Number of protein chains: 2
Amino acid sequence: MSSPSAKPRRADAQRNYDAVLAAAKAVFAQAGTDAPMEDVARAAGVGKGTLYRRFPTREHLFAAILQDRVDELDASAQRALDAPDVWRALSEWLELYDRCATEYPGMSARVGESLSDDTSAVGTLCGPMKNSFARLFERARQEVQLRPDLTPTQLLSMVSALPKDAGTGRTPDPYLRVVLDGLRA
Amino acid sequence: MSSPSAKPRRADAQRNYDAVLAAAKAVFAQAGTDAPMEDVARAAGVGKGTLYRRFPTREHLFAAILQDRVDELDASAQRALDAPDVWRALSEWLELYDRCATEYPGMSARVGESLSDDTSAVGTLCGPMKNSFARLFERARQEVQLRPDLTPTQLLSMVSALPKDAGTGRTPDPYLRVVLDGLRA
DNA sequence: ACCTGAACACCGTTCAAGT
DNA sequence: ACCTGAACACCGTTCAAGT
């Protein structure tokens, strides 16, 4: 979809970028989003300086990790605009959104916090997706009564902040169901 | 209500305990729950060692800070058991709960995470309150239809995790309204 | 019994030296 | 242009020395 902000050029730099990204996914999936950056560098087989050169902050790393997922969600929201049952499409999209970072402990909560900050790396990454979702949300308003006191972005923040009970991969998530039911005016 | 776990005996120790607690409230209110422990010690006018002697972990400090509020909530839940309109009482109690730590940025999210861990300081502190709330919750079930797939503690975790939009002290919180509406089966 | 602050450990971040 | 790891900084945590 959209190209990552500024990919490095040299071959070894690209290799390191990829290695760090892959290592970060593995480390954060296993040890959560608070895992030491040092562990990521080691797992990638690069020096700490290289890690920081490619990803100036932890959050830049998160944004890179989420890139593909967010692009998919963006595309999915656009497709949903033409769905016959918009409420159903909205619900299903939110189920996808709810799961999109569950393999990284602590990630969803972080996303929820930075989502409405457009200056943050994750906030910037999510800009297009937020716009697509907002359109879907507004269209859903025309079909079903949605409560008027919640913006689309607030809804996303709320879903991101939902507890993620370990183990119980129950589908659909009871927490999300509360939100979906409560969303209707 | 219940007495704090193990208060120190000597006068100076007691003074330090109180000073640290007061300082922690001020510092965490101003700089959030991630503020350096060092800042708390300095604000209290004690050495770092004294802080750690009284509060072995950051979370013990949180538990001490929340003590009074949680006791009040506990008492309030017990009173609510006799309310004429239990659903209304439940709603109002959850509004209190929702606000109970808002002056400390990041605190609610932390409470939500440790709430179901009975071995944690905050989880232990909240034990009695959780029990009182569970009774209120079960009584509400008899009056109104509540969704069956959510335990009382899950509900509390969910409310604690709700985004706290800075500035807008809107009452009642739109996020909580979503939860309350979505709670009815 | 309790207090203090120096000492240690850990980790995020920077940067001089090297390729 | 990029990589590396030593160096620095910050802060949580411990503990020897002192009252």
Side-chain angles (χ1 to χ4, degrees), chain A residues 4-24 26-28 30-65 104-107 110 113-114 120-122, chain B residues 4-24 26-28 30-65 104-107 110 113-114 120-122:
Chain A
S5 38
K7 284 242 181 170
R9 278 141 267 194
R10 240 169 65 170
D12 54 349
Q14 179 64 49
R15 235 186 349 261
N16 284 337
Y17 180 98
D18 295 340
V20 168
L21 190 50
V27 170
F28 291 150
Q30 210 275 321
T33 48
D34 290 330
M37 296 291 263
E38 204 165 6
D39 291 358
V40 174
R42 184 175 23 244
V46 305
K48 300 200 270 179
T50 301
L51 191 165
Y52 280 98
R53 167 172 278 263
R54 298 292 152 232
F55 305 95
T57 70
R58 185 181 289 267
E59 220 209 329
H60 282 268
L61 205 38
F62 293 158
I65 288 173
Y104 306 108
M107 182 71 87
R110 283 180 185 264
E113 274 163 31
S114 39
S120 73
V122 168
Chain B
S5 36
K7 285 241 183 175
R9 280 142 263 195
R10 242 169 63 171
D12 54 349
Q14 179 64 50
R15 234 183 352 259
N16 285 336
Y17 180 99
D18 295 341
V20 169
L21 190 50
V27 170
F28 291 150
Q30 209 275 321
T33 48
D34 290 330
M37 296 291 264
E38 203 165 7
D39 291 358
V40 174
R42 184 175 25 245
V46 305
K48 301 200 271 179
T50 302
L51 192 166
Y52 279 99
R53 166 172 278 263
R54 298 290 153 234
F55 304 95
T57 70
R58 185 181 289 267
E59 219 210 326
H60 282 268
L61 205 36
F62 294 158
I65 287 173
Y104 307 108
M107 182 72 88
R110 283 180 183 265
E113 274 163 30
S114 40
S120 72
V122 169

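Being a predicted model, the structure only gives us computed values, none of them experimental.
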Nearest-Å distance for atom pair CG/C1', residues A/Leu51 and C/dG12 = 11 Å
request  = Check whether any side-chain nitrogen or oxygen of A/Asn16 sits under 4.0 Å from OP1 or OP2 of D/dC2, and answer yes or no.
outcome  = no
ask   = Closest to the B/Ala13 side chain: C/dC2, C/dG12, D/dG12?
value = C/dC2
task = Write down the distance between CG (A/Leu61) and C1' (C/dG12), rounded to a whole number of angstrom.
result = 13 Å
query = So which one's nearest nucleotide on DNA chain C is more toward 5', B/Gly45 or A/Pro36?
reply = B/Gly45
query = Which one is paired to D/dG5, where only Watson-Crick or G-U wobble pairs with both distances under 3.5 angstrom count?
reply = C/dC15
message = Nearest 0.5 angstrom please: B/His60 NE2 to B/Arg54 CZ, how far?
response = 13.5 Å
From A/Arg58 atom CZ to A/Tyr52 atom OH, the distance as rounded to the nearest 0.5 Å = 7.0 Å
ask   = Which sits closer to the 5' end of DNA chain C, A/Gly49 or A/Asp39, going by the nucleotide each is nearest to?
value = A/Asp39
inquiry  = From NE2 of A/His60 over to C1' of C/dT13, roughly how many Å is that when rounded to an integer?
reply    = 14 Å
request  = Compare every heavy atom of B/Phe62 with every heavy atom of B/Val122, then report the nearest pair and how far apart it is.
outcome  = CG2-CB, 4.2 Å
query = CD of B/Glu38 versus P of D/dT14: gap in Å, rounded?
reply = 15 Å
task = Starting at atom CD of A/Glu59, determine the distance to atom P of C/dT13, rounded to an integer number of angstrom.
result = 12 Å
task = Spell out, as yes or no, whether a donor-acceptor pair under 3.5 Å connects the side chain of A/Glu59 to the backbone of A/Ser120.
result = no
task = Could you tell me whether A/Arg15 and A/Asp18 make a salt bridge, using a distance below 4.0 angstrom between a side-chain N and a carboxylate O?
result = no
message = I need the CZ-P distance between A/Arg15 and D/dT4, as an integer number of Å.
response = 10 Å
message = Please report the distance, rounded to the nearest Å, between CE in A/Met37 and C1' in C/dT14.
response = 14 Å
remark   = Heavy-atom nearest nucleotide on DNA chain D taken for A/Arg53 and for A/Lys48; more 5' hit belongs to A/Arg53
request  = Go through D/dT14, C/dC2, D/dC3 for me and flag the one nearest to the B/Tyr52 side chain.
outcome  = D/dT14
inquiry  = How many whole angstroms separate atom CZ of A/Arg42 from atom C1' of D/dT4?
reply    = 15 Å
